[in-house]
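Structure first, then comments.
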Amino acid sequence: MKKNGGGHMKNAYLSRQIFFAFNQLAIICYLGFMAAQNDFIQQNSFVPFLLLSLLIFDAEYISYKNVKVNKTLNHFSLLLLLLGWQFLLYLFDFRPISDIVSTVLLPICFYQSIYFVQAFLFQESAYRGQKPLLAFLKTSCIITVLCFFISNRAFFAAYQLQVLLSTMTLIIVGIMQRKRIMFVAKSQWKRILFSSVLVFLPFICYIIAFLKNAAYLENLGSYIPVMLTFISIHSIVFQYRPKQAQFLALSEGNLVFLASVGLAGLIGIAYLFKIPLMAVLISIHMAMLLMLIYNVLLYMRICSHPTDYNNAADRQHFYACSLEQIKREEKLKKGFSNYLHDDILQDLLSIKNMIHKAEQPEMKQLLLDTLTELNSSIRFHMQSYHPTLIKSLTLKENIQSLLDSLSENNSATIQLDCDADIFLVEPYNMLIYRMIKELTANALKHSAATTISVLLIQKNGRITLKITDNGKGFQPFIHQTGTHQGLASIGEQVSLLNGTMNIKPAAGGGTMIAISMPMNGGDSYESFISR
């Protein structure tokens with residue numbers, strides 16, 4: 001039996017939670033094995049261990065929150081897990097196997113980190129310089145890993161070159177895309193500043209406290225950029241709080257305070273009763289393992305029992321509300337598309353196959369042409385309902401592809417004027433794409449134009465879209481009476497986004513529709529993560 005989207009999502013989420021539980025068990029077993037070999041974490045490694053544990057705990061928290069199984073959040077959580085393991089194995093690099101694995105993970109972690117940061121920064125959309133950058137990052141990573149099997153000297157030389165040249169390549173691409181980077185930095189500066197203070201202030205205090213003890217400051221520089229980068233990303237992603245009621249009565253701030261008090265108390269008890277530091281650290285990870293198992297069992301219980309969402313008590317838990325939200329969203333997104341595909345298109349294809357039995361050639365050709373047009377029209381509306389931008393193409397290339405498809409069966413010429421590296425953050429890229437499609441299709445259908453020009457500009461955080469045709473002109477009263485429902489819908493969308501839409505005669509005849517709206521980057525990652 002074919003699984004529906006919701007069932008697949010539930011299974012994927014449950015599998016990911018079980019995976020993280022086994023990962024936590026593997027960490028405990030690894031620490032226990034090291035303790036059995038009388039290899040303990042020293043006091044000077046306590047803070048690095050807490051930092052790597054923070055990365056791992058954050059990965060588990062992100063996975064717990066990611067009920068929708070968002071691909072970006074999955075990548076984020078797995079990357080944090082990879083970094084956590086690399087740091088953990090490095091603490092025991094005096095063991096041959098730990099040293100080998102932690103060393104091999106170095107170029108892989110660097111590559112994956114850079115790959116994710118650029119994907120997150122550009123919201124997985126294509127940009128100028130992306131293909132050579134990714135090709136170089138991947139090639140340098142593979143070469144560095146292969147050098148490990150040649151000699152240590154070759155490996156570390158290759159790794160230094162990987163870091164140096166990859167950073168230089170990244171800087172060059174950053175200069176090419178500086179407008180995009182500055183826009184994101186400007187829109188997210190509060191989160192970046194908060195993360196910087198949260199990272200640098202404790203590190204500065206730690207450095208001052210142990211300035212005269214080099215052992216406590218060893219390799220500290222490698223933790224700072226990692227923590228700063230990924231705490232900033234975490235802060236940007238989770239600035240959007242879930243709207244559903246929470247299972248726990250306490251706020252997240254209170255929970256963090258409670259966990260901090262518990263950790264301080266555990267360390268104090270260990271100090272008073274001379275409990276080894278390793279035992280304390282294993283106990284912390286054991287507590288996290290129990291929480292993960294609890295979440296897995298609770299999730300399985302909710303999935304296996306019917307829930308009354310009209311009951312306030314059943315709506316309290318995070319999972320229950322999230323599953324209901326997924327159910328509603330999937331129904332909205334796929335209902336119309338499934339109806340068109342499974343019902344109308346199947347009937348049309350059946351009729352099309354039966355046409356070949358018609359005896360009159362003229363009627364047969366007429367029916368074939370009509371059905372072909374209907375088929376194209378239905379697919380056109382399906383794409384309008386939920387359009388798909390090709391990720392391997394830039395925004396301009398996607399729009400040009402759209403305009404080319406619209407002009408295939410039309411004698412009118414459609415011209416696109418926009419910068420090659422124009423960028424629109426989500427959801428503006430999708431909204432503008434839909435508007436261009438609707439307005440251009442209207443012009444082709446109603447204006448009898450021979451030339452249509454599309455102008456798209458994004459400058460200083462403001463989007464300007466102008467579509468001009470040389471057709472028979474536009475009658476305002478038609479728009480007001482509701483004949484053009486598409487225009488009315490676009491006007492409403494633009495108004496909700498604090499923009500303006502003007503329809504006026506074009507110079508030399510025809511019509512010009514001008515849309516202008518601010519591009520608010522502050523909420524762009526909410527759309528990116530929630531899609």
Requested in this report: Determine, step by step, whether Y127 and Q118 satisfy the side-chain hydrogen bond (donor to acceptor under 3.5 Å, both in side chains) criterion, reporting the C-alpha distance in whole Å, the side-chain angles of both residues, the deciding distance to 0.1 Å, and the verdict.
Outcome: CA-CA 10 Å; Y127 55 89; Q118 63 84 30; 2.6 Å; yes
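With hydrogens and angles ignored, the 3.5 Å screen pairs no side-chain donor or acceptor of S45 with any backbone N or O of P48. Between the side chain of S15 and the backbone N or O of N11 there is at least one donor-acceptor pair closer than 3.5 Å. Using a distance-only test at 3.5 Å, with no hydrogens or angles considered, no donor-acceptor pair links the side chain of T139 to the main chain of F136. Counting only distance, with no hydrogens or angles, the side chain of Y111 and the backbone of I142 share no donor-acceptor pair below 3.5 Å. The backbone N or O of V184 lies less than 3.5 Å from a partner atom in the side chain of S187, making a donor-acceptor pair. A donor-acceptor contact shorter than 3.5 Å is absent between the side chain of N23 and the backbone of F19. Here the side chain of Q86 pairs no donor or acceptor atom with the backbone of L89 at under 3.5 angstrom. When atom types are taken as modelled, the side chain of T167 and the backbone of V163 share a donor-acceptor pair closer than 3.5 angstrom. Under the 3.5 Å distance criterion, the side-chain polar atoms of Q24 are left unmatched by any main-chain donor or acceptor of M288.
Applying the salt bridge (charged side-chain N to carboxylate O under 4.0 Å, His left out) definition to pairs two or more places apart or across chains, those involving residues 125-134 are R128-D421. Pairs engaging residues 99-121 under the salt bridge (charged side-chain N to carboxylate O under 4.0 Å, His left out) rule: none recorded [sequence neighbours left out]. Sorted by first then second residue, the ring-ring contact (aromatic ring centres under 6.0 Å, His included) pairs that include residues 147-170, not counting sequence neighbours, are F148-F155. Screening residues 257-271 for salt bridge (charged side-chain N to carboxylate O under 4.0 Å, His left out) gives no qualifying pairs among residues at least two apart or on separate chains. Screening residues 163-188 for salt bridge (charged side-chain N to carboxylate O under 4.0 Å, His left out), with sequence neighbours left out, gives no hits.
Between F238 and Y61, the distance from one ring center to the other falls under 6.0 angstrom. You'll find the ring centres of Y223 and F87 inside the 6.0 Å limit.
With sequence neighbours left out, Y428 forms a ring pair (Phe, Tyr, Trp, His ring centres under 6.0 Å) with no residue at all.
The two atoms that bring I41 and L277 nearest to each other are O-CD2, 3.7 Å, heavy atoms only.
The environment of OH in Y206 is crowded: more than 12 heavy-atom neighbours from other residues, nucleotides or ligands sit within 6.0 Å.
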